[in-house]
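Report on the structure given below.
Numbers here are sequence positions counted from 1. The figures that follow rest on heavy atoms only: side chains count, while hydrogens, waters and symmetry mates do not.
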Amino acid sequence: MRNYADVLNRLALRRKQLRLTQSKFASAVGIEQEQYSYIENGHVLISGCLLMKFADLGFNIDELITGKAYDFSSCSLENSINSIVSGDTRDFILKLLSEIILKDFRNSPSEAPNSVLLLETLNSSWDNFSMLRFVRSQLNLNQIDMSELLGLGIKKYRALERESIYPDAEILLFLYDISGCQPSLFMNMPDRKLQIIKNVWETLSFEKQSALLECISCLVKYAERLNI
């Protein structure tokens, strides 16, 4: 099991790399210096809300929690998707892309990797996806058992699973230990859907990636013509 103290060490190191005092860093995330000092010294947990503020400052949440960054080489895919201005068009193309990729895997006789199972879950609950629900289903636990595993009351656990609130750093660390899933995926950041697709994209052949990129390009041009 990983140590929460390592998370705090990485937090302090990153703050110093940014050349910020505790006071200036606290001000940047909207809290008092004394409160931040308690957090960095481990007396108060890093809340989910504060983690989101860290991300807004450019912190890599995955690296903060796990000590490693998830670095994918799918720049072409990311560039194609990020070129889409309309949020609705972007969401539509991401959904279509996930369905095409999944269809390809369904035609394969080999057992689907965990990244594909995650994409299947996202695809089937696109607008109501919950990363915590996915992990719970993989562990074959009900909500009460999962809440007990995390050491939470059932009311707070259900709020976390609905993603009306987000896990604190200690819970994220534990979730990473038991599932191996990227901590940032539990935070529902703007690029979460793309990130889940990218996890599978890396397993596709160059020929399939090229064909899909061409398909995305055609869809974007068509959407632009229709002003959608």
Side-chain angles (χ1 to χ4, degrees), residues 1-71 118 128-139 141-193 195-196 199:
M1 298 290 283
R2 289 162 182 79
N3 196 326
Y4 182 70
D6 293 334
V7 176
L8 299 177
N9 290 335
R10 287 190 287 271
L11 173 62
L13 177 61
R14 181 59 179 148
R15 173 181 61 77
K16 291 171 184 175
Q17 288 172 340
L18 293 171
R19 298 182 183 277
L20 293 174
T21 64
Q22 284 193 354
S23 180
K24 288 183 178 179
F25 187 74
S27 178
V29 294
I31 60 176
E32 298 295 325
Q33 186 275 332
E34 184 179 18
Q35 183 181 358
Y36 177 77
S37 178
Y38 285 147
I39 290 169
E40 195 172 284
N41 288 305
H43 301 303
V44 177
L45 289 172
I46 308 171
S47 69
C49 180
L50 201 54
L51 283 170
M52 295 295 271
K53 291 181 179 179
F54 288 173
D56 290 339
L57 287 178
F59 271 58
N60 185 312
I61 299 301
D62 296 321
E63 193 168 9
L64 178 65
I65 300 298
T66 70
K68 69 173 185 177
Y70 285 75
D71 185 24
L118 177 56
N128 299 296
F129 174 73
S130 166
M131 191 67 197
L132 195 51
R133 189 187 305 122
F134 168 76
V135 170
R136 177 169 65 81
S137 68
Q138 293 300 105
L139 296 174
L141 297 175
N142 59 39
Q143 286 190 337
I144 293 176
D145 290 340
M146 189 67 178
S147 66
E148 290 177 351
L149 179 65
L150 295 176
L152 301 172
I154 187 62
K155 185 175 181 180
K156 182 173 182 180
Y157 173 78
R158 285 172 175 162
L160 285 169
E161 188 170 294
R162 290 194 307 270
E163 297 190 344
S164 57
I165 61 173
Y166 296 112
D168 60 47
E170 192 171 54
I171 292 175
L172 277 183
L173 186 63
F174 184 71
L175 287 170
Y176 177 70
D177 278 330
I178 64 174
S179 72
C181 293
Q182 256 176 281
S184 61
L185 296 181
F186 292 91
M187 307 303 289
N188 192 15
M189 294 177 182
D191 67 341
R192 179 168 70 174
K193 290 175 180 176
Q195 193 66 51
I196 291 173
N199 291 341

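- Pairing each heavy atom of Y176 with each of K68, the nearest pair is OH-CE, 3.3 Å.
- Taking 4.5 Å as the limit, some side-chain heavy atom of M189 sits within range of a side-chain heavy atom of M52.
- Note that the CD1 atom of I46 and the CG atom of L11 stand 5.0 Å from one another [nearest 0.5 Å].
- A heavy-atom distance below 4.5 Å is not found between the side chains of L149 and R136.
- The side-chain heavy atoms of V135 and M146, taken from C-beta on, include a pair separated by under 4.5 Å.
- Between L8 and I39, the closest heavy-atom pair is CD2-O, 3.3 Å.
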Practice item. Test side chain to side chain contact (heavy atoms under 4.5 Å, CB included) on F129 and L118 and set out the steps. Key: CA-CA 10 Å; F129 174 73; L118 177 56; 3.6 Å; yes
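- Considering all non-hydrogen atoms of both residues, I31 and Q35 come closest at CB-OE1, 3.5 Å.
- No side-chain donor-acceptor contact under 3.5 Å links S184 to the backbone of I61.
- Within the model, atoms OG of S23 and CD of E34 stand 12.0 Å from one another, a figure rounded to the nearest 0.5 Å.
- The closest side-chain heavy-atom distance from I171 to Y166 is not below 4.5 Å.
- Taking the six-membered ring wherever Trp is involved, the centroid distance between the rings of F134 and F186 does not fall below 6.0 Å.
- Shown here for P167 and L160, the closest heavy-atom pair between the two residues is N-CD2, 3.4 Å.
- Sorted by first then second residue, the salt bridge (Lys or Arg N to Asp or Glu O under 4.0 Å) pairs that include residues 8-17, not counting sequence neighbours, are R15-E40.
- Taking the ring centroids of F25 and F59, they lie under the 6.0 Å cut-off.
- When every heavy atom of L172 is checked against every heavy atom of P183, the shortest pair comes out as CD2-O, 3.6 Å.
- Applying the side chain to side chain donor-acceptor pair (under 3.5 Å) criterion to Y4, with sequence neighbours excluded, gives no partner residue.
- Between D6 and L173 the shortest side-chain heavy-atom distance does not fall below 4.5 Å.
- Counting heavy-atom neighbours within 6.0 Å of N128 CG, excluding the residue itself, gives a total of 12 or less.
- Smallest separation of non-hydrogen atoms from D62 and N60: N-OD1, 3.0 Å.
- Applying the 6.0 Å contact sphere to CD of Q143 captures more than 12 heavy atoms from other residues, nucleotides or ligands.
- Atom OG of S164 is separated from atom CG of N188 by 11.5 Å, given to the nearest 0.5 angstrom.
- Rounded to the nearest 0.5 Å, atoms CZ (R192) and CE (M187) are 10.0 Å apart.
- Around CD of Q33, the count of heavy atoms belonging to other residues, nucleotides or ligands within 6.0 Å exceeds 12.
- In this structure, the side chains of K53 and L57 stay at 4.5 Å or more apart for every pair of heavy atoms.
- Under the 4.5 Å side-chain criterion, counting only non-hydrogen atoms from C-beta, Q195 is in contact with L185.
- Remark: side-chain polar atoms of N41 are not paired, donor with acceptor, to backbone N or O of H43 under 3.5 angstrom.
- If you take CG on D56 and CG on L51, they are separated by 11.0 Å, rounding to the nearest 0.5 Å.
- In this structure, the side chains of L175 and M131 stay at 4.5 Å or more apart for every pair of heavy atoms.
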